[in-house]
Amino acid sequence: MSSYGDAGRGWRIFFWAAAAFNFLIGLAGMLMPESPLDGRIIGLLVFAFGLVYFIVASDPLRYGKVIWAGVLGKVGVVALMGPTEFGGDGSGLVAAVLAGDALFAFGFLVFLFTRADAAES
């Protein structure tokens with residue numbers, strides 16, 4: 001726990017889950033033999049965001065502000081890829097990953113807009 005207070009165990013678990021999600025998706029993107037170089041680079045960046053979420057999980061109130069980068073990344077990816085992937089031409093697997101991104105982005109926003117209350121109590 002930091003001097004900023006305790007965000008609660010639930011938020012720590014949430015950010016560990018976000019880290020695990022990004023680690024798995026990022027590793028898959030990097031290690032798939034048929035992935036082009038661009039796909040492997042994207043996998044590396046996704047994995048790197050997992051490290052950010054892992055650090056935030058250690059002390060959400062102290063490191064939580066960096067989650068704005070996660071919101072931007074996840075909402076951006078869903079906005080860019082969503083129309084194709086959720087449409088008839090998309091991949092079900094990619095659509096599932098994007099749905100996960102959207103859910104984590106929503107959770108990040110809930111945390112960001114409610115953590116000020118937790119820090120004051």
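Residue numbers count from 1 along this sequence.
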List the atom of [X], the atom of [Y], and the distance in Å for their closest heavy-atom pair.
| X | Y | answer |
| --- | --- | --- |
| Gly50 | Ala19 | O-CB, 3.4 Å |
| Phe108 | Gly70 | CD1-C, 4.0 Å |
| Val56 | Tyr63 | CG2-O, 3.6 Å |

Decide if the gap between the ring center of [X] and the ring center of [Y] is smaller than 6.0 angstrom.
| X | Y | value |
| --- | --- | --- |
| Phe15 | Phe54 | no |
| Phe104 | Trp16 | no |
| Phe47 | Phe23 | yes |
| Tyr53 | Phe21 | no |

Membership question, hydrophobic clusters at under 4.5 Å side-chain separation (ILVMFWY): are [Y] and [X] in the same one?
| X | Y | value |
| --- | --- | --- |
| Leu72 | Leu109 | no |
| Phe113 | Phe14 | yes |
| Met81 | Phe49 | no |
| Leu37 | Leu45 | yes |

Could you walk me through whether Phe111 and Trp68 pass ring-ring contact (aromatic ring centres under 6.0 Å, His included), step by step? CA-CA 10 Å; Phe111 172 79; Trp68 282 110; over 10 Å; no

Verify, without hydrogens or angle tests, whether [X] (side chain) and [Y] (backbone) share a donor-acceptor contact under 3.5 angstrom.
| X | Y | value |
| --- | --- | --- |
| Ser58 | Ile55 | yes |
| Asp101 | Val78 | no |
| Glu85 | Ser91 | yes |
| Arg12 | Pro60 | no |
| Ser35 | Met30 | no |

If you measure from [atom1] on [X] to [atom2] on [Y], what distance do you get to the nearest 0.5 Å?
| X | Y | atom1 | atom2 | result |
| --- | --- | --- | --- | --- |
| Leu98 | Leu103 | CG | CG | 11.0 Å |
| Trp11 | Arg115 | CH2 | CZ | 11.0 Å |
| Ile25 | Ile42 | CD1 | CD1 | 13.0 Å |

Apply side chain to side chain contact (heavy atoms under 4.5 Å, CB included) to residues Leu27 and Met32 and explain how you reach the verdict. CA-CA 8 Å; Leu27 277 174; Met32 292 179 78; over 6 Å; no

